[in-house]
Amino acid sequence: MPLTRWLRERGRAVSGLAYATALAGVQQLTREVAAAWSGVDVVLSPTLAQPPALVGSQRVDDDPAADFAAQTAFTPWTSLWNLTGRPAVSLPLGDARVTDPDGSAATVPVGVMLGADHGDDALLLALAARLEEAAPWSHRRPGTSS
């Protein structure tokens, strides 16, 4: 895919020093998050920055930089969990009515993200199970109401 090739070329252009500096930045971020959230069991945030997008609408094959920018703007909060290695889960606890460019509308699930401290995967899974008991989602599909 054009985005993959673009990312590969950008990666090849990074020097060893720049790579080590970036890793040090991620390690610093991990320490800062640990300090800021010390004593916090679970962090609640949106999963996405906007309602779910149409399939393919985030792709910009003729401009991979724009493609990457659109994707990172769409999912700004998930990166923190990926970078710091903390566990997180997205649960379809909300819904939104979205309208396609052709004017058709559908109700789509909206994710709520829960994150925890390193090693607290079991806490998130237990909380997710309790939330699913309280507000089941297995029957929900795009285009249906909750």
Side-chain angles (χ1 to χ4, degrees), residues 1-37 40-125 127-129 131-132 135-146:
M1 296 185 62
L3 176 60
T4 305
R5 288 188 292 276
W6 179 78
L7 289 169
R8 181 187 62 217
E9 292 309 312
R10 288 184 51 102
R12 286 180 175 162
V14 173
S15 70
L17 179 59
Y19 178 70
T21 301
L23 285 179
V26 170
Q27 291 169 348
Q28 179 63 32
L29 173 66
T30 301
R31 288 189 295 276
E32 290 171 4
V33 166
W37 291 341
V40 174
D41 293 328
V42 175
V43 175
L44 170 70
S45 76
T47 301
L48 302 175
Q50 56 189 295
L54 296 171
V55 173
S57 67
Q58 297 291 311
R59 286 187 58 185
V60 187
D61 285 344
D62 59 338
D63 186 351
D67 187 339
F68 187 75
Q71 290 185 43
T72 56
F74 188 61
T75 60
W77 298 287
T78 58
S79 298
L80 177 70
W81 301 95
N82 293 333
L83 287 170
T84 61
R86 290 171 165 251
V89 61
S90 178
L91 307 173
L93 296 177
D95 55 46
R97 191 86 174 145
V98 296
T99 304
D100 292 346
D102 68 3
S104 62
T107 300
V108 296
V110 173
V112 172
M113 190 167 59
L114 303 172
D117 199 359
H118 289 279
D120 280 345
D121 305 63
L123 170 67
L124 287 182
L125 292 172
L127 181 55
L131 288 167
E132 186 174 17
W137 57 73
S138 64
H139 66 284
R140 297 178 67 198
R141 301 287 185 271
T144 64
S145 59
S146 49

> Using side-chain heavy atoms (C-beta onward) and a distance below 4.5 Å, is T47 in contact with W77?
no
> Holding to salt bridge (charged side-chain N to carboxylate O under 4.0 Å, His left out), I want the full list of residues that pass it with R12, two or more places apart in sequence or in another chain.
E9
> Taking side-chain hydrogen bond (donor to acceptor under 3.5 Å, both in side chains) as the test, write out the residues that go with T4, two or more places apart.
none
> Which residue pairs pass the salt bridge (charged side-chain N to carboxylate O under 4.0 Å, His left out) test with at least one member in residues 48-57, sequence neighbours excluded?
none
> Output all residues satisfying side chain to side chain contact (heavy atoms under 4.5 Å, CB included) with Q71, sequence neighbours left out; order by chain, then residue number.
L3, Q58, D67
> May I have all residue pairs that pass ring pair (Phe, Tyr, Trp, His ring centres under 6.0 Å) and include part of residues 79-118, sequence neighbours excluded?
W37-W81
> Could you list the residues that satisfy ring-ring contact (aromatic ring centres under 6.0 Å, His included) with F68, not counting sequence neighbours?
W6
> Could you pull out the closest heavy-atom pair between A96 and P51, with the gap in Å?
CB-CB, 4.5 Å
> Minimum heavy-atom separation for R86 and A116, please, with both atom names.
CB-O, 3.3 Å
> With sequence neighbours excluded, what pairs up with D121 under the side chain to side chain contact (heavy atoms under 4.5 Å, CB included) test?
P87
> Atom CZ of residue position R10 - does it have more than 12 heavy atoms of other residues, nucleotides or ligands inside 6.0 Å?
no
> Measure the spacing between CG of L123 and CG of D117 and express it to the nearest 0.5 Å.
10.0 Å
> Taking only residues two or more places apart in sequence or in another chain, which ones pass side chain to side chain contact (heavy atoms under 4.5 Å, CB included) with L114?
V42, L44, V89, L91, L124, L127, L131
> Sequence neighbours left out, what passes side-chain hydrogen bond (donor to acceptor under 3.5 Å, both in side chains) with D61? Give chain and number order.
R59
> I'd like to check the side chain to side chain contact (heavy atoms under 4.5 Å, CB included) partners of S104; sequence neighbours left out, ordered by chain and number.
D100, D102
> Of all residues at least two apart in sequence or in a different chain, which pass the side-chain hydrogen bond (donor to acceptor under 3.5 Å, both in side chains) check with E132?
none
> Pairs in or reaching into residues 9-28: which pass ring pair (Phe, Tyr, Trp, His ring centres under 6.0 Å), with residues at least two apart or in two chains?
none
> Mind running side chain to side chain contact (heavy atoms under 4.5 Å, CB included) on L48 and V110 for me, showing each step along the way?
CA-CA 8 Å; L48 302 175; V110 173; over 6 Å; no
> For P52 and P109, which heavy atoms make the closest approach, and how far apart are they?
CG-O, 3.1 Å
